[in-house]
Trainee: 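Supplied in structure tokens, the structure appears directly below.
Note that the structure is a prediction, hence the values are computed from the model and not measured. The chains referred to below are lettered A, B, ... by the order of the sequence lines, with proteins before strands, and numbering in each begins at 1.
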Amino acid sequence: MVTQIISTMETQVSNGPAANCLSNGPVMGSSSTDDSKTNLIVNYLPQSMTQEEFKSLFGSIGDIESCKLVRDKITGQSLGYGFVNYVDPNDADKAINTLNGLKLQTKTIKVSYARPSSASIRDANLYVSGLPKAMSQKEMEQLFSQYGRIITSRILVDQVTAGISRGVGFIRFDKRNEAEEAIKGLNGQKPLGSAEPITVKFANNPSQKTGQALLTQLYQTAARRYTGPLHHQTQRFRLDNLLNASYGVKRFSPITIDSMSSLAGVSLTGPSGAGWCIFVYNLSPEADESVLWQLFGPFGAVTNVKVIRDFTTNKCKGFGFVTMTNYDEAAMAIASLNGYRLGDRVLQVSFKTSKQHKA
DNA sequence: TCGAATT
């Protein structure tokens with residue numbers, strides 16, 4: 001858990017023209033000339049960046065033959081990448097040297113030569129989940145390399161726990177058919193010595209988040225910023241106000257911390273450096289992350305909340321998870337919120353049980 | 001009634 005702040009490392013594994021994402025290639029009017037030394041792909045652009053800002057940034061390096069920020073055809077949202085074709089190959093080189101790795105908002109942009117446009121290299125990007133936490137990027141590549149030439153790979157890591165793998169990553173193959181073969185060969189397979197099968201599927205486009213997800217992300221950032229070391233009494237008071245204001249109900253469970261921690265036969269999801277995971281049951285189908293922040297935030301440091309939704313309906317499946325940093329604050333939240341009436345529902349709140357090592 | 005992860 002605790003995967004809000006994400007840092008990643010990506011290495012270039014190809015020789016020659018650098019990797020890219022998708023292949024719109026040189027944009028308009030480039031005819032049959034060789035663009036390999038002038039045409040660049042720019043990845044990991046901030047969602048909010050406009051075509052004008054994009055052009056302005058890269059135009060500051062030198063004359064641009066053409067440039068295009070790639071957008072979703074339907075929504076018009078930026079897909080987080082674009083192409084710049086310079087007039088002078090020296091400017092392309094200069095753009096890579098000066099703008100690659102530039103930090104813009106929460107993103108670190110990547111500037112590299114675009115591969116020649118062709119249908120065969122499209123949709124060759126895979127999303128992999130369920131990777132063993134101990135698996136390195138190199139090991140992941142070894143696993144996939146039997147299916148083709150890997151252009152880029154990445155394993156996502158959790159920054160707040162000092163770079164522990166989140167067990168998910170990306171593999172971009174040179175060719176789509178290589179990616180297809182990798183799915184056939186590896187999806188549902190257990191990597192050597194691992195008990196869990198991995199999931200391998202085609203990746204979504206980058207930076208494609210729902211407006212809801214973006215709002216949630218913003219809210220989580222803000223909430224964490226203001227989660228200060230308030231005294232418990234004050235927090236109680238704050239919670240009362242919050243809940244009264246928000247839901248018009250009030251009730252604290254009489255369950256004590258001691259009775260909570262003496263539950264027999266269940267192993268708790270431990271601190272594990274990432275905090276204490278709390279299971280929240282009986283949320284309404286309309287519940288969203290903000291409810292969990294409001295409920296748990298007043299008790300102390302909350303690092304992560306998650307409402308589990310049905311994939312197709314996007315409605316809450318009735319439960320969610322909250323991660324809190326400190327045991328006593330988590331215990332206090334559980335003691336106070338278990339049995340809490342939220343609208344016409346009575347919440348059940350407990351430490352998340354671990355299916356893995358239950359006795 | 002105890003998850004899923006999207007650069």
Trainee: Send over the distance from Ile198(A) CD1 to dA5(B) C1', rounded to a whole Å.
Mentor: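 Value for this atom pair: 15 Å.
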
Trainee: Rounding to an integer number of Å, can you tell me how far Glu196(A) CD sits from dA5(B) P?
Mentor: 15 Å

Trainee: By nearest atom, which of the nucleotides dT1(B), dG3(B), dT6(B) is closest to the Leu156(A) side chain?
Mentor: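 Nearest listed nucleotide: dT6(B).
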
Trainee: Round to a whole Å and report the spacing from CG of Leu292(A) to C1' of dG3(B).
Mentor: 13 Å

Trainee: It should be established whether Arg166(A) places a side-chain nitrogen or oxygen under 4.0 Å from OP1 or OP2 of nucleotide dT7(B).
Mentor: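 No.
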
Trainee: In terms of side-chain heavy atoms of Tyr127(A), which of dG3(B), dA5(B), dT7(B) is nearest?
Mentor: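 Among the listed nucleotides, the one closest to the side chain of Tyr127(A) is dA5(B).
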
Trainee: Expressed in angstrom and rounded to an integer, what is the separation of Ile278(A) atom CD1 from dT1(B) atom P?
Mentor: 21 Å

Trainee: Ignoring the backbone of Ser129(A), work out which of dT6(B), dC2(B), dA5(B) is nearest its side chain.
Mentor: dA5(B)

Trainee: Could you state the CG-C1' distance from Asp72(A) to dT6(B), rounded to the nearest angstrom?
Mentor: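 Spelled out: CG on Asp72(A) to C1' on dT6(B) is 15 Å.
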
Trainee: Select one nucleotide: of dT6(B), dT1(B), dA5(B), the one nearest the side-chain heavy atoms of Lys133(A).
Mentor: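 The listed nucleotide nearest to Lys133(A)'s side chain is dA5(B).
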
Trainee: Please report the distance, rounded to the nearest Å, between CD in Glu289(A) and C1' in dA5(B).
Mentor: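 Result: 13 Å.
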
Trainee: State whether the aromatic ring of Phe170(A) stacks on the base of dT6(B), taking stacking to mean ring centres under 5.5 Å apart and ring planes under 30° to each other.
Mentor: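 So Phe170(A) does not count as stacking on the base.
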
Trainee: Taking the six-membered ring of Phe83(A), is NZ or CZ of Arg115(A) closer than 6.0 Å to its centre and within 45° of its axis?
Mentor: no

Trainee: Among the candidates dT7(B), dG3(B), dC2(B), find the nucleotide nearest to the side-chain atoms of Arg154(A).
Mentor: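 When the side chain of Arg154(A) is considered, dT7(B) is the closest of dT7(B), dG3(B), dC2(B).
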
Trainee: Where the side chain of Phe321(A) is defined as all heavy atoms beyond and including C-beta, which of dT7(B), dG3(B), dT6(B) is the nearest nucleotide?
Mentor: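 Between dT7(B), dG3(B), dT6(B), the one nearest the side chain of Phe321(A) would be dG3(B).
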
Trainee: Distance check needed: dT7(B) P versus Asn204(A) CG, whole Å only.
Mentor: 9 Å

Trainee: Can you tell me which nucleotide in dT7(B), dA5(B), dC2(B) comes closest to the side chain of Val168(A)?
Mentor: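 The nucleotide sitting nearest to the side chain is dA5(B).
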
Trainee: Residues in side-chain contact (heavy atoms from CB on, under 4.5 Å) with Asn187(A), at least two apart?
Mentor: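 Counting only residues at least two positions away or on another chain, Asn187(A) forms a side-chain contact (heavy atoms from CB on, under 4.5 Å) with Ile183(A), Thr199(A), Val200(A).
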
Trainee: Return the minimal non-hydrogen interatomic distance between Ala333(A) and Phe296(A), and the atom names on each side.
Mentor: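 Minimum heavy-atom contact is CB-CD2, 3.8 Å.
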
Trainee: Per the ring-ring contact (aromatic ring centres under 6.0 Å, His included) rule, what does the pair list look like for residues 129-158 of chain A, sequence neighbours excluded?
Mentor: none

Trainee: Heavy atoms only, 4.0 Å cut-off, all strands: where does Phe319(A) land among base, sugar-phosphate and nothing?
Mentor: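 Sugar-phosphate: the residue Phe319(A), judged by heavy atoms under 4.0 Å, touches backbone atoms but no base.
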
Trainee: Write down the distance between CD1 (Ile334(A)) and C1' (dC2(B)), rounded to a whole number of angstrom.
Mentor: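 In whole Å, dC2(B) C1' and Ile334(A) CD1 are 13 Å from each other.
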
Trainee: Can the ring centres of Phe279(A) and Phe351(A) be said to be less than 6.0 Å apart?
Mentor: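 So the answer is no for these two rings.
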
